[in-house]
2 protein chains.
Amino acid sequence: MPLTGAEKRRNARIAQVLDAAAHCFVELGFHRASMAKIAAKAKMSPGHIYHYFESKEAIIAAIVDRESARAAERFAEFDALDSTELAAVMTERAVLSIAEKTDILQSALNMEMLAECQRNPEIACIIHKHDRYVRDQLTHLIRDKIGLDLAEARTDMMMVQFSGLANRLLRNPDLDLTNMVVLMRQTMTSILSPTLCQKAK
Amino acid sequence: MPLTGAEKRRNARIAQVLDAAAHCFVELGFHRASMAKIAAKAKMSPGHIYHYFESKEAIIAAIVDRESARAAERFAEFDALDSTELAAVMTERAVLSIAEKTDILQSALNMEMLAECQRNPEIACIIHKHDRYVRDQLTHLIRDKIGLDLAEARTDMMMVQFSGLANRLLRNPDLDLTNMVVLMRQTMTSILSPTLCQKAK
DNA sequence: TTGATTTTAGAATGAACATTCTATTTGTTG
DNA sequence: CAACAAATAGAATGTTCATTCTAAAATCAA
């Protein structure tokens, strides 16, 4: 069924609030971004926001959901024939996402989301849901299409590289990406290597 | 020169505030932890805290400094003869630090510190200082003791594994560490492998 | 002990904030 | 167009908070 005019306007308004909130959250964090500032950015009155969201917490939850969904989307459509190909694509993706300036700002929001995740069960639930979705896709690819064992562990390890790289860039802003790419590709390849060297203790 | 009684008392008081602040920050985050709550936890009056810290921001900075220094300490005393040995020790360290419950709670604080790092130059400075210290130690070991090239990149890549693992555990609380250890060791070994496979595009 | 200094508590202050309330404008429908 | 409903603004409310102020208690020096 098509949306009525009123519904369309309502959705546009909600998106307007979310865009404004995302902007303020990136700049100030969840708890220093006031409703007044979000309202100003969204070009509506503070009181009016409450016609679309029950509370500021609800806005935070909606932002976490939207941002997680977007991140998951960017991950969703991998399609590789073998592990070498997947390693290359994943490396490219990891380095590319880092190279964009926007993603570095986005990182701050991501970190805040993860911090919130430890304290707020509702936020935790949202984040875990999206993470599970991404993992399921990737695990399916690794296990069923490429045919490797330990697919879950390999998936998690691949994802360690992504979040680790973002984290690293915050801690070391002088990071030299050029040499990093070589190592990242080698690492991805190693994670997807069919034979794991079981080192004896 | 030994500390006078007054100085000792003062230092103890400061530590008391920092312990209380750390506790409240882990539980509530920087901005929902009020001075009143920190004071209650530290068993002193809110006003009195201002004899030791100029502002709440100063307490946050002190906590970031103290926690970063502690994390750096835990990293400082590596001493390996070859890359295989280092890979094993680093893996053990990474998995061990994750296995402790305390570190998972600590992770929330770490994430919040990194988020703050993007917005507050003073915090950024503190975090980058400690990160540089750890990197210098590890790079020295890899380049001068073990004798590998691309030491800085390898160092950063090792550290990607640590922060990535902490990050991953927040997003996927069901992570299976048993299989992960195998992959982590293989990854560390691969990063420290003398010959890097330069994949052609 | 006495006077001076430091340490401490707790109330007072003023600002910022999330949320609610009231009224006005805008759009819709008969 | 008239009546109604939805959308919107902006002021009002009550709370929470960081910080400051005031004075009491503890410590120390003589």
Side-chain angles (χ1 to χ4, degrees), chain A residues 1-64 112 116 119-120 122-123, chain B residues 1-64 112 116 119-120 122-123:
Chain A
M1 55 167 182
L3 297 178
T4 73
E7 279 169 335
K8 261 190 208 161
R9 198 168 46 234
R10 188 183 167 82
N11 286 345
R13 260 359 213 151
I14 289 177
Q16 220 174 321
V17 175
L18 288 180
D19 290 340
H23 185 276
C24 293
F25 289 161
V26 165
E27 201 168 287
L28 299 160
F30 290 150
H31 302 295
R32 271 183 301 208
S34 67
M35 291 298 270
K37 275 173 193 146
I38 296 172
K41 192 86 198 166
K43 296 187 188 204
M44 70 180 71
S45 70
H48 189 44
I49 293 184
Y50 286 84
H51 280 92
Y52 305 113
F53 294 95
E54 207 171 80
S55 65
K56 193 182 164 183
E57 283 299 306
I59 297 181
I60 295 177
I63 284 290
V64 170
E112 186 136 25
E116 204 67 11
R119 303 177 192 120
N120 184 335
E122 196 198 344
I123 300 294
Chain B
M1 59 169 180
L3 297 178
T4 72
E7 281 169 332
K8 261 192 212 159
R9 197 167 47 233
R10 187 182 169 82
N11 286 345
R13 262 354 214 156
I14 289 177
Q16 219 175 324
V17 175
L18 288 181
D19 290 341
H23 185 276
C24 292
F25 289 161
V26 165
E27 202 167 287
L28 299 161
F30 290 150
H31 303 294
R32 271 183 299 210
S34 68
M35 291 299 269
K37 274 173 192 145
I38 296 173
K41 191 85 197 169
K43 294 188 188 197
M44 71 180 69
S45 72
H48 188 43
I49 293 183
Y50 286 83
H51 280 95
Y52 305 112
F53 294 93
E54 208 172 79
S55 64
K56 192 182 165 185
E57 283 298 305
I59 298 181
I60 294 177
I63 284 290
V64 170
E112 187 136 24
E116 204 67 11
R119 302 176 193 122
N120 184 334
E122 196 198 345
I123 300 293

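On a predicted model such as this, the values are computed, not experimentally measured, just so you know. Just so it is clear: chains get the letters A, B, ... in the order the sequence lines come, proteins before strands, and each one is counted from 1. The figures that follow rest on heavy atoms only: side chains count, while hydrogens, waters and symmetry mates do not.
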Out of C:dC17, C:dA18, D:dA18, whichever nucleotide has its closest atom nearest the side chain of A:K37: C:dC17
Selected nucleotide, minimal atom distance to B:S34 side chain, candidates C:dT8, C:dA9, D:dC17: D:dC17
Sugar-phosphate only, base, or nothing, as touched by B:A33 at under 4.0 Å among non-hydrogen atoms: sugar-phosphate
Between C:dA18 (C1') and A:I60 (CD1): distance, integer Å: 12 Å
Rounded distance (Å) that lies between atom P of D:dA7 and atom NZ of A:K8: 16 Å
Atom of A:H51, atom of A:R10 and distance for their closest heavy-atom approach: O-NH2, 3.5 Å
Rounded distance (Å) that lies between atom P of D:dC21 and atom CD1 of B:I49: 18 Å
Contact under 4.0 Å: B:R13 side-chain N or O vs C:dT8 OP1/OP2: yes
N/O donor-acceptor pair under 3.5 Å between B:Q16 side chain and B:K43 backbone: no
Nucleotide D:dA12, atom P - distance to CE of A:M35 in whole Å: 20 Å
A:E27 vs A:K41, salt bridge (charged side-chain N to carboxylate O under 4.0 Å, His left out): CA-CA, chis, key distance, verdict: CA-CA 12 Å; A:E27 201 168 287; A:K41 192 86 198 166; over 6 Å; no
Nearest listed nucleotide, side chain of A:K56, among D:dT20, C:dA18, D:dC28: C:dA18
Phosphate-side-chain proximity, B:Y50 and C:dT7, N/O vs OP1/OP2 below 4.0 Å: no
A:E57 side chain reached by A:E122 side chain, heavy atoms, under 4.5 Å: no
Touch class at under 4.0 angstrom, heavy-atom based, for B:F53 against every strand present: nothing
Nucleotide nearest A:S45 when distance is taken to its side chain, options D:dA9, D:dA7, D:dA18: D:dA9
Proximity to the side chain of A:Y52 - top-ranked nucleotide from C:dT19, D:dA7, C:dT8: D:dA7
Whole-Å gap separating P (D:dT19) and NE2 (B:H51): 15 Å
Proximity to the side chain of A:H48 - top-ranked nucleotide from C:dT8, C:dT19, D:dT8: D:dT8
Nucleotide of C:dT19, C:dA9, D:dT27 approaching B:M44 most closely (side-chain heavy atoms): C:dA9
Separation of atom CD1 in B:I14 from atom C1' in C:dT7, rounded to whole Å: 13 Å
Between D:dT27 (C1') and B:R9 (CZ): distance, integer Å: 7 Å
Plane angle bin for B:H48 and B:Y52 - parallel if under 30°, tilted between 30 and 60°, otherwise perpendicular: perpendicular
